[in-house]
Amino acid sequence: MKGKEKGRKKKTNYQVEQAHREATIGCYLLKDIRMKSHILILLCIVVLGVIGSCQGGSLGKNYYKVTCPHAEEIVKNATEKHVCKNPNLPAKLLRMHFHDCFVRGCDASILLNSTANNTAEKQAIPNLTLSGFDVIDDIKAEVEKTCPGVVSCADVLALAARDSVSFKFQRPLWEVLTGRRDGRVSRITEALANIPSPFSNFTSLVRNFASKGLNVHDLVVLSGGHTIGVGHCNLFSNRLYNFTGRGDQDPSLNPDYASFLKSKCRSPSDNITTVEMDFGSSLNFDNHYYVILKKKMGLFQSDAALLTDNGALKTVDELLDSSKFFLEFAQSMQKMGAIGVLTGTAGEIRKKCYVVN
Ligand code: HEM
Ligand SMILES: *[C@@H]1O[C@H](CO)[C@@H](O)[C@H](O)[C@H]1NC(C)=O
Ligand SMILES: *[C@@H]1O[C@H](CO)[C@@H](O)[C@H](O)[C@H]1NC(C)=O
Ligand SMILES: *[C@@H]1O[C@H](CO)[C@@H](O)[C@H](O)[C@H]1NC(C)=O
Ligand SMILES: *[C@@H]1O[C@H](CO)[C@@H](O)[C@H](O)[C@H]1NC(C)=O
Ligand SMILES: *[C@@H]1O[C@H](CO)[C@@H](O)[C@H](O)[C@H]1NC(C)=O
Ligand SMILES: *[C@@H]1O[C@H](CO)[C@@H](O)[C@H](O)[C@H]1NC(C)=O
Ligand SMILES: CC(=O)N[C@H]1CO[C@H](CO)[C@@H](O)[C@@H]1O
């Protein structure tokens, strides 16, 4: 076991380093590749614009085409600048977008600060970390310089999440329709009630997703978001130390992996240490999450729960095909990005993302 652990650790460090290197190279190449990808994207917009029908309420393609023609490019540039400095950012922004959409719809309610009167959603989220919020505020400020009061924070977040994850690929991994408007309300209680728990079983997860108009297929596909990022020990250490109250381990967790996790999370109450969710590949956005899931190495009970239903298991197996994963993830993200959006004259266009106008 010791030998195995060592091997694993080495691999992890190596892969993390490699991913860092790739990201850095990406930053140098940025200018060259950008020209080409712009031409491609332009082509896509023209072609798809003719054929395409709009999904997701009254969101549309390039909604700010007239009112702020460079909006999406400004967001992309600003996002990439931040990702170059912080390779963990894609995970923060992807999760932030998910949390935004699951509470009151994708209306940037997650970004509002608490006030004297009200404790905001933000306060409930077990550490999305400040780097994410700061970055969104900065990207929004960039957009405001060119087009004050035009582009919503909800759209900025949806675009920034997509662009940060897509950065290493130098092409957008999913389409983001725009035209969302910003909400004026953010309540801590609603976050607690709507955001799925890592301790959930399959039935609760399905119910939670269904209440957002997402089906079992979306649940399995979007859980693939856990291919990047980290989780805190206290959110899974019950699986290691005291699963049923008899000092036991979760039998649905790979025992070798459990030993490794114990070496990282030394006590059941450690709420500081974090562990990669997709072991050995947590900076790579890929379908490796499903590979480790099949080996009973999903980090949370909510990950392991996807193996407890035959239908979900079938989808897990399908997503072991990489191209299938990218295709399906793009579709489900577009569905998620349309949950409960405010459009038309609803809500407002916030000037600053952390406070209502
Ligand atoms: C299926 C229900 C889900 C549950 C129960 C869940 C739960 C969690 C938990 C507990 C964490 C760790 C937080 C921490 O310790 O700091 C986490 C992280 C994360 N989640 Fe989920 N999640 C779910 C679905 C999703 C979806 C749909 C996405 C996006 C498509 C997503 C993206 C992420 C990302 C990227 C991280 C890493 C964040 C970081 O590195 O800071 N999750 N999730
Ligand atoms: C985005 O960055 C590229 C490359 O640095 C630059 O050519 C382009 O003008 C930028 N776009 C905007 C809107 O700032
Ligand atoms: C908003 O809240 C964040 C913490 O969530 C804090 O860092 C920031 O300073 C606050 N911004 C303002 C303008 O109060
Ligand atoms: C605080 O709450 C009171 C009563 O509900 C309301 O009249 C007031 O406008 C609120 N203040 C702010 C800053 O939201
Ligand atoms: C799933 O969790 C819910 C909520 O905790 C619980 O009521 C239900 O009995 C659980 N279902 C199964 C099959 O364990
Ligand atoms: C395990 O959980 C049970 C029941 O909650 C508790 O009585 C016991 O002290 C725990 N054991 C350890 C080692 O934490
Ligand atoms: C972590 O646990 C300590 C001690 O139980 C507690 O005081 C602290 O608030 C916790 N921190 C977080 C971020 O939950
Ligand atoms: C955004 C957020 O809630 N951040 C919290 C993360 O956790 C630390 C303590 O571990 C808090 O101080 C932050 O407020």
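Both counts, for ligands and for their atoms, begin at 1 and track the order of listing.
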In terms of atom number and element, which parts of ligand 1 are under 4.0 angstrom from non-hydrogen atoms of [X]?
X	value
S197	5 (C)
P196	2 (C), 3 (C), 5 (C)
G225	35 (C)
F209	1 (C), 2 (C)
G229	37 (C), 40 (O)
I228	35 (C), 37 (C)
S302	5 (C)

### Query
Any nitrogen or oxygen of H70, main chain or side chain, under 3.5 Å from a nitrogen or oxygen of ligand 2?
no
Test item: side-chain donor near acceptor, N117 and T115, under 3.5 Å: no
Pairing donors with acceptors under 3.5 angstrom, does anything connect the side chains of N201 and S204? yes
Below 4.0 Å, non-hydrogen atoms only: which portion of [X] touches ligand 1? Side chain, backbone, both or neither.
X	value
L235	side chain
H97	neither
P198	both
S223	side chain

Can you tell me how far [atom2] of [Y] sits from [atom1] of [X], rounded to the nearest 0.5 angstrom?
X	Y	atom1	atom2	answer
S114	Y354	OG	OH	14.0 Å
L313	L306	CG	CG	9.5 Å
E142	K81	CD	NZ	5.0 Å

On the six-membered ring of Y257, is K295 placed so that its NZ or CZ lies under 6.0 angstrom from the centre and within 45° of the ring axis? no
Original post:
With a 4.0 Å cut-off, would you call K140 and E144 a salt bridge?
Top reply: yes
Taking N or O atoms only and a 3.5 Å limit, does [X] qualify as a polar contact for ligand 1?
X	result
H232	yes
M336	no
K92	yes

With a 4.0 Å cut-off on heavy atoms, is S200 touching ligand 1?
no
_Can you tell me if L219 contacts ligand 1 (heavy atom of the residue under 4.0 Å from the ligand)?_
yes
- Task: Could you label the plane-to-plane angle of the F260 and F279 rings as parallel, tilted or perpendicular, counting under 30° as parallel and over 60° as perpendicular?
- Result: perpendicular
Can you tell me if NZ on K212 sees more than 12 non-hydrogen neighbours from other groups inside 6.0 Å?
yes
* For N310, does the CG atom sit with more than 12 other heavy atoms under 6.0 Å from it, leaving out its own atoms? -> no
Checking [X] side chain against [Y] main chain: does a donor-acceptor pair fall under 3.5 Å?
X	Y	answer
N194	V103	no
D248	T244	yes
E348	N357	yes
R239	A258	no

Ordered by chain then number, the protein residues lying under 4.0 Å from ligand 6 by heavy atom are N242, G245
Heavy-atom proximity to atom 35 (C) of ligand 1 ranks first, among A91, S282, C101, for A91
Quick note, disulfide (SG to SG under 2.5 Å) partners involving residues 158-238, not counting sequence neighbours, are C233-C265
Per-atom filter on ligand 2: closer than 4.0 angstrom to a heavy atom of I74 are 13 (C)
